Amino acid sequence: MNRDRIYRLRPGWRLQWEEAQGRHVLLYPEGMVKLNDSAGAILSLIDGERNVGDMLDELQERYPQAPADELQTDVHEFLDEAVQQGWIHHD
Amino acid sequence: MTDHTPSTQRHTIEAPLWLLAELTYRCPLQCSYCSNPLDFAATQGNELTTEEWLDVLRQARAMGAVQLGFSGGEPLVRRDLETLVSEARTLGFYSNLITSGLGLDDARIEALRAAGLDHIQISLQASDPDVAGAVAGSRKAYDKKLAMARAVKAAGYPMVLNVVLHRHNIDQLDAIIALCAELDADAVELANCQLYGWAHLNRNGLLPSREQLDAAEATTARWREHLANEGRDMQLLFVVPDYYADRPKACMGGWGSIFMSVAPDGAVLPCHSARMLPMTFPNVRDDLLSSIWYDSDAFNRFRGEDWMPSPCRDCDERHQDFGGCRCQAYLLTGDPTATDPACDLSPDHHLIETARREAAEDQRSASQLTPRNVHESRVFCRA
């Protein structure tokens, strides 16, 4: 996957930390995706400015014990899935 | 907001996620399939104030609600809508405006956007002004709605179009979906009419035939394939009418599970139709929302499975459909604790079959149905 690629959330959708649920949720018209910890951590780095490389660097810094190749695989698999689901897109 | 002592059963009750704020029963349209209560005119002049609504929003958000619908009636009738939207955004709600589109103009779309509104859902009645006019009581509303749908898209909102289907418009579904595609909707709800309130009153003149329904499902399937081939990302959600389903719908995801509705006069309901049930509902003017949600008799009445009659209580599917809809059970059998007759395992399922037969004999045109308006509603206020 291209480290230079920049993702954005689908227009009108919103990522938000829900204190009452203790997790990130993705909000969209009349609906909500409940995210697990890693999905929330990855999606919260998507801001239309960071590229995939920046995201990997930040995640590696946050989770130094995670092997770099596994982290990279997990992030790429999740981003593919999120595109499939229509949560995010890139230019 | 004051926190207060949790009740003993609170640990088993999840927090609400959805708040539907029915700001007003006033509406410029008179749709004969409206789900508002027949006696809505009784609450006129008794709407919650701006301050009361702001307090409702704060309480609901503190409890964990995150999806918020502004509905009615026509919510744009309330001139304080922008104030409420703005507070909702500050609190962290995702706010949905559920509107006819009437009362909207470019300036108001911009004001709502600035206030932080997330999404606008516009209802369409038909693909041509004649049918739309016969159903909604206003022929000129049609052009206005299309103009507003275009303006909503142009302002960058995600847009869901909602089309309530019944026998008078379901045969033009192909043209309806084509119109929605032309308007560039992000999603279209093709919702067969739910038979409550005014729709129940007009039931025999609204229910489509099995043949109409089958054709509509085929049309929807054809369009889904076409949209996929074109690479179009317009979702089509087709809601089957209960009267042609084998199993009941999982109404509101279960009574008092995720959803609460606050009516224009402050009554708090587990679903917006529940007001017709023979029971008393609490009011935000008397009690805190959290005590209503967790502790009121009304919200606990049909929670869980202890209330369930046979055959629900021994049915493997009771965790999926929660016994169906209490309002439908009451409307059809007179008993709100009965199994939803939409289920073909219900001992009352013959009532659904009878209703389908009666509807087949009803020859009224769309304009001959009872319009939902204050004049007609006063009849039910007196009753």
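Bear in mind that the values here come from a model prediction, so they are computed numbers and not experimental data. Each chain gets a letter, A, B and so on, in the order its sequence line appears, and its residues count up from 1.
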* **side-chain contact (heavy atoms from CB on, under 4.5 Å) assessment of B/D118 paired with A/L27** => CA-CA 10 Å; B/D118 291 294; A/L27 298 164; over 6 Å; no
* Asked: For B/L17, is it the side chain, the backbone, both, or neither that has a heavy atom closer than 4.5 Å to a heavy atom of chain A?
  -> side chain
* To do: Heavy-atom distances under 4.5 Å only: say whether B/Y94 touches chain A with side chain, backbone, both or neither.
  => both
* To do: Please list, in residue-number order, every residue in residues 28-38 of chain A that has a heavy atom less than 4.5 Å from any heavy atom of chain B; write 'none' if there are none.
  => A/Y28, A/P29, A/E30, A/G31, A/M32, A/K34
Residues 183-191 of chain B side chain polar contacts: donor-acceptor under 3.5 Å, at least two apart:
residue, atom, partner, partner atom, Å
B/D186, OD2, B/K153, NZ, 3.2
B/D186, OD2, B/M159, N, 2.7
B/E189, OE1, B/N162, ND2, 2.8

* **Proximity breakdown for A/Q21 and chain B, heavy-atom pairs closer than 4.5 Å** => side chain
